[in-house]
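Just the heavy atoms: all of them, side chains too, but no hydrogens, waters or symmetry mates, feed the values below.
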Amino acid sequence: MGTSSGSNINHQHSSKMLPPRQQPRPGSLQTSLSLVSSEHRLSPDAQEPRSNSDNVHESPTESASSQETWPTADAVTAKKMENGKIENDCPEQSVIRRVSSADKITLRDIARERVDVISEKMHRLPDEFLDELKNQLKAILEGNGGSQNREEFLILQKLVQSRSDLTAKTLIRAHRAQLEILVAINTGIQAFLHPNISLSQTSLIEVFVYKRCRNIACQNQLPADDCTCELCANRNGFCNLCMCVICNKFDFEVNTCRWIGCDLCSHWTHTDCAIRDGQICMGSSVKSGSGPTEMLFRCRACNRTSELFGWVKDVFQHCAPAWDREALMRELDFVSRIFRGSDDPRGKKLFWKCEDLLEKMRGGQAESTACRSILIFFQGTM
């Protein structure tokens, strides 16, 4: 951020970096997978870690930048299709029917019964039956069943989160599928049920007890960087490397004005969350501390301010040439909203420029022409 924030693009472990979401760990989820936010269907509280000390609210814009996004592709179904099978021909259907009623377990059983009891039962059940259990939970998290699915999820989550026996010590004895289901219920994230996700038993337990980031593309130990700030110390499951300090959510958006990073404490905030909560406003110049005002971002984590014009300039200069038409229009809209209430000359001109380019692009102007125009505008500013 600021005129020196070009170093944000280098992804280094410093106060001038973009979120590490840009560098998914080897073997982690890639954004080419189908992404969807279960938040659109479930209660906002459903995604939040239990015992979270902060009340988190949805952004009124329903922007993707305030949503946790996860792949929902049914790899089990995909595998069946690759093998040229159809549902009615799957041999596992007969296997599932042969499971005795005494051995069968339900999602509610997993949510409320002792870990060792369920684990023992699951070890006797065929893999196909366990896969079906996970598919049932995935369907609930997807929310296609409407209010009934939402109510069932809330019941399951309440059962899990009201238990005091689910600790790192007891979860060691859990069956793998049992642990995946418990983590998915606790976080509201169906990716933990995905057959292509291969987190270790230890990592899954750490996610459940809020010692590891629930963002599979991040997976840092918590608190990240051993941060001792109030947010990282008191907000269970919060990761300052990839989560918004206001809404507590993450996504896969990178190289964008959707995220604002604090120059001083390296915590991150969704732009729409900052606008909604009044964290973006006019104030005295960061450099001089007095005199003309400019548009500033105030970080909720450290309560210090950073200027926004130089940050936007750096993001566009480094990233805009790679944006497609949709991305460029989206970023221009973000900048327009950031500087809509600007009183300083540079901010006003930037707002007018973005509005002008958006109107021209809606009228058919090529994205290459619009991109060149905004970059020329920034070249003429200090």
Next on the checklist: Looking at F351, I'd like to know if the NZ or CZ of R340 sits under 6.0 Å from its six-membered ring centre while staying within 45 degrees of the ring's axis.
Outcome noted: no
Checklist entry - Can L308 be reached from W352 by stepping across I, L, V, M, F, W or Y side chains whose heavy atoms are under 4.5 Å apart? => result yes
Checklist entry - Just by distance, with hydrogens left out, do W259 and D251 show a side-chain donor and acceptor under 3.5 Å apart? => result yes
Item to check | Flag side-chain contact, heavy atom, 4.5 Å: R337 against D272 | outcome: yes
Checklist entry - With no hydrogens and no angle check, do the side chains of Q279 and T269 hold a donor and an acceptor under 3.5 Å apart? => result no
Next on the checklist: Between N186 and Q161, is there a side-chain donor-acceptor contact under 3.5 Å, judged purely by atom types and distance?
Outcome noted: yes
Next on the checklist: A side-chain contact here means heavy atoms from C-beta on lying under 4.5 Å apart; do E180 and R176 qualify?
Outcome noted: yes
Item to check | Salt-bridge contact E206-R212 (side-chain N to carboxylate O under 4.0 Å) | outcome: yes
Checklist entry - Under 4.5 Å between any side-chain heavy atoms of L137 and L193, yes or no? => result yes
Next on the checklist: I'd like to know if the side chain of T170 reaches the main chain of D165, judged simply by a donor and an acceptor atom lying under 3.5 Å from each other, with no hydrogens or angles considered.
Outcome noted: yes
Checklist outcome for this item: Exactly one candidate in R325, R372, K360 meets salt bridge (Lys or Arg N to Asp or Glu O under 4.0 Å) with E367; the answer is R325
Checklist entry - So, does E331 use its side chain to make a donor-acceptor pair with the main chain of A320 at under 3.5 Å? => result no
Checklist entry - Within the side chain of H123, is there an N or O that forms a donor-acceptor pair under 3.5 Å with the backbone of S119? => result yes
Item to check | Any side-chain donor near an acceptor of the partner, K353 and S373, under 3.5 Å | outcome: yes
Item to check | F339/K348 under side-chain contact (heavy atoms from CB on, under 4.5 Å): CA gap, chis, key distance, verdict | outcome: CA-CA 7 Å; F339 287 92; K348 285 182 178 180; over 6 Å; no
Checklist entry - Between R108 and E113, is the closest basic N to carboxylate O distance under 4.0 Å? => result no
Checklist entry - Taking side chain as C-beta onward, heavy atoms only, is L222 less than 4.5 Å from F238? => result no
Next on the checklist: Same cluster or not: I105 versus I155, using hydrophobic residues (I, L, V, M, F, W, Y) connected whenever any side-chain heavy atoms lie under 4.5 Å apart?
Outcome noted: no
Next on the checklist: Please determine whether a side-chain nitrogen of the Lys or Arg among R124 and E120 lies less than 4.0 Å from a carboxylate oxygen of the Asp or Glu.
Outcome noted: yes
Checklist entry - Do the ring centers of W323 and F316 come within less than 6.0 Å of each other? => result yes
Next on the checklist: With a 4.5 Å cut-off on side-chain heavy atoms, are H267 and C232 touching?
Outcome noted: yes
Checklist entry - Out of curiosity, does L350 fall in the hydrophobic cluster containing M282 (side-chain heavy atoms, cut-off under 4.5 Å, transitive links)? => result yes
Next on the checklist: Using a 3.5 Å distance criterion without hydrogens, assess whether the side chain of R163 forms a donor-acceptor pair with backbone atoms of A111.
Outcome noted: yes
Checklist entry - Is the closest side-chain heavy-atom distance between C265 and C299 below 4.5 Å? => result yes
Item to check | ILVMFWY network linking I185 to L159, side-chain heavy atoms under 4.5 angstrom | outcome: no
Item to check | Check: R298 and C281 side chains under 4.5 Å, non-hydrogen atoms | outcome: no
Item to check | Charged N-O contact under 4.0 Å between K104 and D109 | outcome: no
Checklist entry - Does D324 reach the main-chain N or O of E326 with its side chain, forming a donor-acceptor pair under 3.5 Å? => result yes
Checklist entry - Hey, does V207 have a side-chain heavy atom less than 4.5 Å from the side chain of L179? => result no
